[in-house]
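First up is the structure itself, then whatever we jot down about it.
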Amino acid sequence: MEKLSAEPPTVVSASTSKQPPPEKPEAVSLRTKIVLSFWAVILFLGLPTWWQTTSIYRADLPLQDMLNWADGFNTPTAIPLHIWISSPHISCSDAERIVRDTQQALDDLNEYPTLHQRLHLVNSRPSGQADKKEKGPLRTSCGEDTSSPSLGDPALKVHLEPANEGFAFELDPVIAEAVVRVPRNAATNTSQQLAEHLYGLFREEQIAAALQTVSLASHSQHAQAFLRSQPYDRVTKIEKQVNRAYKSSPEFHLTFSLFTASGAPSSWDVQDALKEHISPLVQALSSTSKFDVTTQIQLYSSYSPAIKPIIKDGLEGTFLQQKDLTAFVNAAEWPLAPSIGYGPTINFILYVPAKDEIPLRIDGVEGTSWLIPQWGGIQILNPPLSPDAIHGVVSLPPHLTKDLLRQPFEAFASQLLSVLGVPQADQFGKVLPLQLRLDVYKRFSTFTLYLKAASSLGSLARLAQRLSNIPIPKHVAELVDDAIGNLTAARHAFLESRWDSALTHSEIAYSDSEKAFFDKSMVGQVYFPDEHKVAVYLPLLGPIGVPLLVGLLRELKRFATRMRGLRK
Amino acid sequence: MRLSPFLCALLSIVTAACAAHTSNWAVLVSTSRFWFNYRHLANTLSLYRTVKRLGIPDSQILLLLPDDMACNPRNAFSGTVYSNADRRMDLYGENVEVDYRGYEVTVENFIRLLTDRWEEGVPASKRLQTDEGSNILIYMTGHGGSEFLKFQDSEEISSWDLADAFSQMREKKRYNEMLFMIDTCQANTMYRQFYAPGIIATGSSEEDESSYSHHADNDVGVAVIDRWTYYVLEFLETQVSGPTSDKTLGDLFDSYDVDKIHSNPGVRWDLFPGGEQAGRSRRVVDFFGNVQSVEIQGNRSDRELLRDDLEGLRRLVHEYEAFATTQESNATEMSDVLQRRTESASKKGSNQWTKETQNPVGRMKTSETTQWTRRVGGATVLSGLAALWYFAPKLV
């Protein structure tokens, strides 16, 4: 039936259907205009709009510069460590000779240029009044003036004293000063000995700096060579010390917690203990980072239930096994993450066991305190039991006095220094003054922050190169510029050995580079596979695109035939 | 195995590649809502209980639950979630810290969480504050397909997104080693695109394969746990006795039994330095527990030294304070002079003070005016267009 009905009309139409009237020329030109104007709108309005709205804003970053910083090409090759030498009682020429020879010996001992000791003969007497008062025979002022701006901060002040006996190198117990007794004769030997002492004093610091360079900068042949030249056990020991330390940060929180297994003791003289043992340290460290101190008490909070202390025959009290110490912290019930502010929290826990467990000790060792690297310290306190006044029952004291807290807080103070990464007092047979160790910590912190800032910039640069669909807002570029500026300033400060200014700039550079990397608007667009793109665009472009394209093709065809007709 | 720490130390001198493992973090994600997906939340909560038991503190566990099954009106046992029909262990319990719940569980938030790109003021408890010494366990469960995992019925995360996020974490040294676990249909495709080193990945099922639930609780009315997770948990709960267990990842992956799981679980080793051999020897608690090394301080000489130090320090502080007070008195003299000098202008000064206090408000106003100019501009353009539309035909 279809066939039948379909056949005749085609025949009819072929023979008899009317042709449409020829198009008027103005209709043709109107249609051309319509097609062209549609295309004009698409090309000049639609396309730029589409481009504008779908493109991702990527601010220009100085990528190569950032990578250079991260690779360590811009790290100063030589960071001098200034040592001031004063010699009020030695003739000027002698002093100058000693300094020159010692410097020579130092350069021979050690070629690693980071934190390399540089000796300066300084005029120790404050100018003016002191000069007039003293009227000794050797009052010639030699050496540089201490207030001159070309001198950086001294890492150590050395006083040369003439002596009759042999050479002696005596460090002050607290501040970074040393007295060197120089025998009146045999001076060349003196220089060599002095050089060895100085080298030994700052050797650990150099090793730590080299380790940090190796781990954070990719261009570190010098540091690697230096480390290879050092004894293996020394390097591993310092590496352990560095790993134990919290990462350098411009801000820290210290939380001191008292956890008791039973209801007593329920109070402690923590303010006094803090004032006595912790505040001086915090004050001394405050030039490096900011410290906040908080305290808390929680009763009826025993250690982690996974731990089973053991009882030994013939010994009173209970014992913790050493392998259990890692699990001691009852993370579920001890509120240890106050999440105040930005800096990391260092925890110090004083634990008082229940009455029937006292004394609670660690199996096999004498002490009852231990340190958890990058976390803090724990101390078990076994307070003396005293009979209750009313019932006569032996019980725990309700209050921890200052005297009871002395020993634990001394432990906490030493743990604080270890957890921060301040070098130990007694290291490789030397006793270092605290001031010197704090300075070492400050310099190490500065250097680490500087390297970390540079490494963050490198991470950001590589990220920007690899992920092409991640937006980079303008303020990230500004932060990057700022960080680079501060890094440059820090580098100048390093070269001049001005550690305070280097620390300030490194801290700013560090926080800026971190902010730049962790900028919240830099969360990449969710990945679109190509088929998803097709699925989005096809329904939109299909119905519009087909008539437009066909229209354009027809017009072009007509134009071509007309051109051919004209040529004929 | 005995040699490995020594080797590590030796290598570290040259490259410092073996960063010490110093902390553990866990990110546990369920991605599906609604009552019939009860089992996904139960999976995640079971893992939460396990890592907590093995010692990861709550502050280092990020738990993402898009729905609240314990308080769902269809829950016959309100306030509880069980992962087994015997209902012996209430997973919700007394002490559960959910960090992201409900509509906070989105792809964007998850990627922000991994890359730590947050606006200021997001609390530390919601952030993954890891560093180059952190081992991270990431567990995800939900409904997925080939190379994607659905979040909350409305969006999906793809394998590429995860791979890019992990590479950014690697770039910023945000992890030492990572164990990525996923229980979903076609789970093994989710880790196909990863390229950042240091990751061990394991999934419950091959491409074009479903991942099945284990059993249903007839009283709860829905399936309560997925098969793969069930058997992983069975291993963790029966074999890994505590934070000091010596079981290795090799033991865990060898415990997979295809007959029981009903799908083919997979493991990817090639991104891990040292490959399968090194990966298999990693202890389970390196990822599921909180491994901390401990230094017992027995000797007292240190402390005595420090006592001397503190004495000296106190002396220093006193000297410094004395110095500071003299400085301060000088400064106050100076300020007195200054004050006298500025006293005549004190009235002006007070005016300035009030102005300064108003300053922030003023600044607000300037931004408001720019907004107003924008609005006026917009209104002008719109009315111009309307006029054109109205008048143009009349003109022609």
Side-chain angles (χ1 to χ4, degrees), chain A residues 173-175 211 214-215 224 227-228 235-236 239 243 247 277 280-281 283-284 304 306 322-327 329 331-332 336-337 339 362 365-367 369-375 410-411 413-414 424-426 431 434-435 456 459 462-463 466-467 517-520 522-524 526-527 529, chain B residues 9 12-16 19-20 22-23 52-53 55-59 95 107-108 111-112 115-119 123-125 131 133 157-158 160-161 164 167-168 171-172 242-244 290-303 305-310 312-317:
Chain A
V174 179
I175 52 176
L211 279 171
V214 171
S215 78
Q224 289 182 18
L227 287 180
R228 259 181 248 123
V235 174
T236 42
E239 192 179 24
N243 282 338
K247 305 288 168 279
H277 305 282
L281 279 182
Q283 199 154 0
S304 161
Q322 283 191 30
K323 68 176 173 64
D324 280 346
L325 294 182
T326 53
V329 173
L336 292 175
S339 61
I362 303 167
V365 279
E366 186 202 350
S369 69
W370 64 95
L371 181 134
I372 301 177
Q374 301 200 359
W375 190 87
E410 273 169 5
S414 105
Q424 279 154 349
D426 183 16
V431 179
L434 185 64
Q435 166 105 59
S456 287
S459 306
R462 280 191 293 274
L463 179 79
R466 186 180 298 151
L467 303 178
F517 187 90
F518 290 119
D519 189 86
K520 62 167 174 155
M522 277 177 29
V523 168
V526 170
Y527 177 80
Chain B
S12 69
I13 287 190
V14 190
T15 56
T22 49
S23 64
K52 222 167 142 178
R53 175 179 70 86
I56 304 187
D58 244 337
S59 55
N95 195 348
V107 173
E108 186 188 329
I111 291 196
R112 279 188 191 282
T115 53
D116 202 29
R117 296 219 165 85
W118 292 107
E119 48 218 281
S125 63
D131 59 21
I157 192 169
S158 67
W160 288 269
D161 295 325
D164 283 347
S167 96
Q168 294 183 48
E171 200 57 79
K172 196 67 189 68
T244 48
N290 193 27
V291 173
Q292 291 168 323
S293 53
V294 155
E295 287 172 36
I296 304 163
Q297 295 176 319
N299 64 331
R300 281 159 190 261
S301 62
D302 250 22
R303 221 173 280 155
L305 278 172
L306 189 75
R307 199 177 296 163
D308 297 342
D309 281 348
L310 281 180
L313 204 57
R314 252 170 245 138
R315 206 181 75 208
L316 274 188
V317 167

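Since this is a predicted model, take the numbers as computed values, not measurements. Sequence lines set the chain letters: A, B, ... in the order given, protein chains first and strands last, and positions in each chain run from 1.
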Heavy-atom closest pair, residues B/R117 and A/L463: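 It is NH2-CD2, 3.4 Å.
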Give me the atom names and distance for the closest heavy-atom approach of B/E171 to A/S459.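 In this case the closest contact between B/E171 and A/S459 is O-OG, 2.9 Å.
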Toward chain A, the part of B/D116 with a non-hydrogen atom under 4.5 Å: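 Both backbone and side chain of B/D116 come within 4.5 Å of chain A.
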Quick check for you: to the nearest 0.5 Å, what is the distance between A/R462 atom CZ and B/K172 atom NZ?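 A/R462 atom CZ to B/K172 atom NZ measures 10.5 Å (nearest 0.5 Å).
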Would B/R112 count as a cation-pi partner of A/F518, with NZ or CZ less than 6.0 Å from the six-membered ring centre and within 45° of the ring normal?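 No, B/R112 and A/F518 do not form such a contact.
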